[in-house]
Structures are given as C-alpha cells and as structure tokens.
Amino acid sequence: MKTLVLATNNKHKLREFKEMLEPIGYEVKTLKDFGITIDPEENGTTYGENAYIKCKAARALVDHPVISDDSGIEILGLNRFPGIHSSRYVDSECNGSYEEAFVDINKKLGNNPDRRAEYHCAICLLENLEDEPKIFEGVCPGYLLMEPNGIGGFGYDPLFHCTESDQDFGIATEDEKNAVSHRKKALVKLMEYLNNK
Ligand code: IMP
C-alpha cells in the first residue's frame with residue numbers, strides 16, 4: 001500500500017479521504033501520526049494556493065506524498081464574500097460564532113433577492129517538494145436560507161440549501177451531504193488521477 005499524508009487533523013475529512021482512497025491502495029495518515037504540527041500562514045489568493053501552502057509545509061517534514069484541502073463559501077449577492085476568508089471572517093468578525101455570522105450575513109444581504117451561494121473546495125497533491133502541485137476542485141451550488149435550519153454538518157451548513165440534492169445541509173445526514181459536497185467532488189477527481197497513474 002502506498003502512503004499519503006493528509007495535512008489536516010479534521011476527523012471528518014480524514015474519514016472521507018480514507019473511505020475513498022484506501023480501496024484503491026492508499027493508506028491515509030495524518031501529520032499527528034508523525035508527531036508533527038504545522039500552522040503555516042494561509043496567505044494565498046485562491047483555495048488552490050492555500051491548499052498548496054499547507055502541502056508544502058507538510059511535505060518538507062515527511063517523506064511521503066502529501067494531500068491537503070482548502071474550502072469556503074461564496075455568497076453571490078455579496079460579491080462572493082467570504083470566500084477564502086470563510087473561517088477567518090467568523091473568527092475575527094463574529095466572535096467565532098456561526099449564529100452571529102448568520103445574523104450578520106442576513107443583515108449584509110438585506111432585501112437582496114440573490115441568495116445564491118456556492119461551497120468551493122480545492123485539494124492539492126504534492127508528491128515531491130519540488131513538484132508542481134496538482135490541484136483538484138469541486139463546487140456545491142445552493143442558496144442561503146432566511147434562517148438556520150438544523151444543527152447538522154458544520155460551519156455554514158445550517159444556513160445552506162443544496163440545490164443538487166434539494167436538501168438543507170443542516171438536516172442532511174453526513175452520507176447525504178458527502179454524496180454532493182464540494183469536497184467529495186474534488187476528492188473524486190483526485191481519486192481518478194491516482195487511479196490512472
Ligand atoms: P477549511 O478549508 O477547513 O479551512 O474550511 C474553511 C471554512 O469554510 C470552514 O471553517 C467553514 O467555515 C467553511 N466551510 C468549508 N466547507 C464547509 C462545509 O462543508 N460546510 C460548512 N462550512 C464549510
């Protein structure tokens with residue numbers, strides 16, 4: 001089995017990556033398995049650049065190919081805000097509270113009828129430190145509800161309605177969300193690439 005190191009300690013992501021990649025011959029490890037912690041400054045201008053920054057920092061410390069992902073939500077009526085700043089916006093402007101963020105977003109949108117939103121994800125694969133990074137992207141389109149529904153998923157999910165599955169992500173099961181999610185779509189592309197190597 002070939003080893004891939006996932007540059008995150010998010011358990012949900014780890015499970016999703018393992019489920020997809022182990023059946024095609026890849027053992028997925030995390031930096032924790034190597035006793036390593038990284039916290040590089042994610043100062044890229046795209047999801048792909050930020051995913052590459054994480055991969056590079058990790059690949060310098062482990063002797064295996066590394067994968068990482070970066071994601072966010074883009075609200076079309078707010079010129080795609082918060083985008084790559086999705087996590088930072090909640091931490092720095094909403095006291096780390098998504099409830100506060102939902103109120104703030106609704107205030108920002110006001111009477112704007114365009115409530116379309118998209119989740120974006122980029123997965124980076126860096127086999128060797130000096131390689132060009134390979135980037136795989138996925139998008140999950142939907143719109144923002146007028147108020148949160150449910151407590152499922154994480155982050156912005158309670159406010160998000162997915163048009164593809166016609167479901168509110170706050171009440172969808174993990175499997176239902178994973179069938180259509182931005183991360184899953186990017187992951188399928190990574191898997192296709194690895195399968196054809
Ligand atoms: P990261 O890529 O794990 O740093 O995630 C960036 C941020 O985007 C998260 O902290 C969430 O705020 C938001 N986000 C990304 N993907 C999702 C998702 O599937 N559901 C809800 N929020 C998400």
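Remember, it's 1-based here, ligands and their atoms both numbered in the order they're listed.
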Which residue and non-hydrogen atom of the protein lie closest to [atom], and at what distance in Å?
| atom | value |
| --- | --- |
| atom 3 (O) of ligand 1 | Lys13 NZ, 2.7 Å |
| atom 19 (O) of ligand 1 | Lys177 NZ, 2.7 Å |
| atom 20 (N) of ligand 1 | Asp157 OD1, 2.8 Å |
| atom 22 (N) of ligand 1 | Tyr156 N, 3.3 Å |

Is any N or O atom of Asp69, backbone or side chain, closer than 3.5 Å to an N or O atom of ligand 1?
no

So for ligand 1, is Tyr119 a polar contact partner (N or O within less than 3.5 Å, distance only)?
yes

Chi angles and distances behind the side chain to side chain contact (heavy atoms under 4.5 Å, CB included) call for Ile24, Leu21:
CA-CA 5 Å; Ile24 61 163; Leu21 298 173; 4.2 Å; yes

Atom 12 (O) of ligand 1: of Tyr89, Tyr98, Phe154, the nearest heavy atom sits on Tyr98

Out of Ser71, Ala122, Cys140, who is nearest to atom 15 (C) of ligand 1 when you count heavy atoms only?
Ser71

Name the orientation class of the two ring planes belonging to Phe169 and Phe160 (parallel below 30°, tilted from 30 to 60°, perpendicular beyond 60°).
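Geometry flag for Phe160 against Phe169: tilted rings.
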
I want to know whether Tyr156 and Tyr119 have ring centres closer than 6.0 Å.
no

Do NZ/NE/NH1/NH2 and the carboxylate oxygens of Glu16 and Lys184 come within less than 4.0 Å?
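Judged by the 4.0 Å cut-off on N to carboxylate O distance, Glu16 and Lys184 do not form a salt bridge.
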
Check this for me: does any side-chain nitrogen of one of Lys185 and Glu137 sit under 4.0 Å from a carboxylate oxygen of the other?
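Salt bridge between Lys185 and Glu137, a charged N being under 4.0 Å from a carboxylate O: no.
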
